[in-house]
Amino acid sequence: MGRKSQSVMSLMLFFRTSVRTCVMLCVCFSLLNLTACSNQSSDFPSIPTISTESSVSESIQPSLSASEEETFPVIQMASPFSQDTLNYLSRLYSAKSQGLLGAGVNGDNVSLSFLDSVDPPFVVEAISTPATGATKDTILDWNNSNAMPDVFYSASLYASFENEISLSLNPYLSNDSLLNPSNIYIGMFNVLSTDGDFFGIPLMSSVEIIYINQEIFRTSDTELPSFVMDSNSFQKASENISDYFDNSELPPSYPFYRVEDLLPFLGASYADSYHYMSFDKTTKTFVPGFEDSVRFLKRYAELGYSIDLLSEEDKLELFGTFDPIISKRIAMWAGDSSDVMRWANYMPYTLQMVQIPSDEVGVITPPCLTVYPLCVSATTNYPELASKFAAFIALDEDAILLRLRLEGSEGFLPTVKSNRVWTRYFENATYSSPLLYYKEYMNHAYFSPKVSDQKLYGQFLYLLRTYSQDLLSEELSNDILKEMADVLLSA
């Protein structure tokens, strides 16, 4: 190799070394600048280490769940309906909202497989309640432990709005088509309202009736009454049963349990206006029918057809510690239709329902109803959705028909006017099919305050405990009526 070539090679090697050195210096300078920046307070994010990567991942997770919850709200519903039933109802709600039901498809015939394919934009969580709703104590426990369901079926509406637990539904449902007077019974909403706000949506109702143990009628060869029982047939059956057991060696049985239990209802058979225990709060008086009903029941008790005037010693001697109804020593007793399955447990083949006796033959006595509402919690995160879904379950014809397909309704009456709903309610009923008679008389209904105003209801119970013996054993006086009115007006 010549000298010239060696010079060129040396020059190239020098150039490469110099460039490499410059690059390394630049890199070092950059690293020094980065280190300096990292020691300053700035908005630049720090590069995570392995330990900080884990904590960042955990902190992101709740925000993702919260985002998903906004997309799919969770509605907790306390009701007597199962989780499966509520799931299908939420899917039906979504399907109807999206117009997915075809022509001729309704709650009676919609395919459950089709509903399984519908994804509602919210989740329903079922919390179980009794058939007549969550009690006052349960509702207050939920509230005190910050565990209120979004929607709850209530047996104590008064406690709910008195303690500001339930939400006024006016802002969410006032313009809802389900509340059209052609669909609902206005009186039911009135009894669930206070000062112009309604706090409950009528889900179901029950009616005061007389239960019959057919076994005692058959044993005494007494004709079974029709559902539309009148006071004359009631009296005649009682006389026949009483005479039979008075002259029989069988243990004594009584035609009726306690006629004092009829005091709140029988007045409607004699009056032109109907009120619980015949007391008109507007006029602050008992309507005239109350006096007529008291006189009838007084004569009945004095004839020994009921156990009202027996002493406690006599009752103990006759029945011991057993319930005379359950021990099948009572032919008839007053009660609420919602209790039918309780009594059916003891007399599954001999239980019958008849109306509170009317004063005239063939006349339906105005029904005394108890209304059981769905309420929306004042603390729900989804007041509009919860209100509309609750109204759908309670008042939409298709929703009710689907409910009846999936679960029974023995002992209850509808809260809507739909002919189809009324038919479905009772077509498969074992005991309560005669309640269909009341469909044409719902506009004459009056209401028990048992759920809607438990404070007032407590006053009525106090009246019965305090004055029933006087009413059934003494002449009715204006002084007693005034005392009783004063008690109720103090509620």
Side-chain angles (χ1 to χ4, degrees), residues 74-87 89-90 123-169 172-173 188-189 191-194 197-206 336-342 369-383 385-395 399-400 403 406-415 447-458 461:
V74 177
I75 301 295
Q76 285 191 326
M77 176 168 287
S79 76
F81 306 127
S82 69
Q83 182 67 63
D84 284 345
T85 296
L86 290 179
N87 286 343
L89 288 168
S90 68
V123 175
V124 185
E125 287 185 359
I127 298 173
S128 182
T129 71
T132 53
T135 63
K136 175 182 177 180
D137 289 342
T138 298
I139 293 169
L140 293 179
D141 285 345
W142 283 336
N143 188 56
N144 294 336
S145 58
N146 296 317
M148 282 301 303
D150 298 277
V151 180
F152 59 99
Y153 183 47
S154 176
S156 180
L157 180 70
Y158 183 81
S160 299
F161 68 73
E162 182 186 44
N163 293 279
E164 299 182 347
I165 293 172
S166 57
L167 191 69
S168 169
L169 300 174
Y172 309 104
L173 297 178
M188 292 188 180
F189 277 85
V191 81
L192 300 177
S193 303
T194 182
D197 288 320
F198 69 96
F199 291 86
I201 304 164
L203 178 67
M204 288 186 279
S205 64
S206 61
D336 192 285
S337 63
S338 64
D339 288 329
V340 63
M341 297 314 296
R342 171 196 172 196
L369 303 179
T370 299
V371 183
Y372 306 93
L374 282 177
C375 302
V376 176
S377 168
T379 59
T380 180
N381 292 323
Y382 312 103
L385 174 59
S387 300
K388 290 188 175 299
F389 185 52
F392 174 78
I393 288 176
L395 305 175
I400 299 170
R403 272 172 28 206
L406 301 173
E407 302 191 17
S409 61
E410 190 83 54
F412 292 93
L413 284 75
T415 58
F447 298 93
S448 163
K450 181 163 50 178
V451 169
S452 58
D453 191 343
Q454 288 189 318
K455 183 178 179 182
L456 178 59
Y457 184 66
L461 293 181

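- The heavy-atom pair separating Pro449 from Tyr457 by the smallest distance is O-CB, 3.7 Å.
- A distance of 6.5 Å separates CG of Leu395 from CD1 of Ile400, quoted to the nearest 0.5 Å.
- To the nearest 0.5 angstrom, Leu192 atom CG is 7.0 Å from Ser452 atom OG.
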What's the verdict on side-chain contact (heavy atoms from CB on, under 4.5 Å) for Trp142 and Ser377, showing C-alpha distance, side-chain angles and the deciding distance?
CA-CA 10 Å; Trp142 283 336; Ser377 168; over 6 Å; no

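- Side chain of Gln76 to backbone of Glu125: no donor-acceptor contact under 3.5 angstrom is found.
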Going through the distances and angles, do Phe81 and Leu203 end up as a side-chain contact (heavy atoms from CB on, under 4.5 Å)?
CA-CA 12 Å; Phe81 306 127; Leu203 178 67; 4.0 Å; yes

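- Looking only at distances, no side-chain donor or acceptor of Gln454 sits under 3.5 Å from a matching main-chain atom of Leu157.
- In this structure, Asp453 has no salt bridge (Lys or Arg N to Asp or Glu O under 4.0 Å) partners at least two apart in sequence or on a different chain.
- Among all heavy-atom pairs drawn from Phe447 and Val191, the shortest one is CB-CG2, 3.9 Å.
- Scanning for side chain to side chain contact (heavy atoms under 4.5 Å, CB included) contacts around Asp141 gives an empty result, with sequence neighbours left out.
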Between Ser337 and Phe412, is the side-chain contact (heavy atoms from CB on, under 4.5 Å) condition met? List the steps.
CA-CA 7 Å; Ser337 63; Phe412 292 93; over 6 Å; no

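- The shortest distance between side-chain heavy atoms of Met204 and Ser338 does not fall below 4.5 Å.
- Heavy atoms only, all atoms of each residue included: Pro373 and Val451 are closest at CD-CG1, 3.8 Å.
- Annotation for Tyr153 and Pro80: closest pair CD2-CD, 3.3 Å, computed over non-hydrogen atoms.
- Of the inter-residue distances, the one linking Ser90 atom OG with Phe392 atom CZ reads 9.0 Å to the nearest 0.5 angstrom.
- Every side chain to side chain contact (heavy atoms under 4.5 Å, CB included) that Ser409 has, sequence neighbours left out, goes to Leu404, Tyr425.
- Within the 4.5 Å cutoff, the side chain of Tyr172 has no heavy atoms near those of the Val376 side chain.
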Stepwise side-chain contact (heavy atoms from CB on, under 4.5 Å) test for Phe389 and Asp150
CA-CA 11 Å; Phe389 185 52; Asp150 298 277; over 6 Å; no

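- Nearest approach of Met77 to Leu86, heavy atoms of both residues: SD-CD2, 3.6 Å.
- Between Ile139 and Ser154, the shortest heavy-atom contact is CD1-OG, 3.5 Å.
- Put simply, NZ on Lys450 and CG on Leu369 are 11.0 Å apart, with the number rounded to the nearest 0.5 Å.
- Note that CG of Leu169 and CD1 of Ile201 are 5.0 Å apart. Values are rounded to the nearest 0.5 Å.
- Contacts of Glu407 classified as side chain to side chain donor-acceptor pair (under 3.5 Å), with partners at least two apart in sequence or in another chain: Ser82, Thr85.
- We find the CD1-CG distance between Ile393 and Leu89 to be 5.0 Å, quoted to the nearest 0.5 Å.
- Contact of the Cys375 side chain with the Phe199 side chain is not registered, since no non-hydrogen atoms from C-beta on lie closer than 4.5 Å.
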Please tabulate, for side-chain N and O atoms in residues 128-137, each donor-acceptor pair with protein atoms closer than 3.5 Å (sequence neighbours left out).
from   : atom 1 : to     : atom 2 : distance (Å)
Thr135 : OG1    : Thr138 : N      : 3.3
Thr135 : OG1    : Thr138 : OG1    : 3.1

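- Contacts of Ser205 classified as side chain to side chain contact (heavy atoms under 4.5 Å, CB included), with partners at least two apart in sequence or in another chain: Met188, Leu413, Thr415.
- In this structure the side chain of Val151 never reaches within 4.5 angstrom of the side chain of Thr380, judged on heavy atoms.
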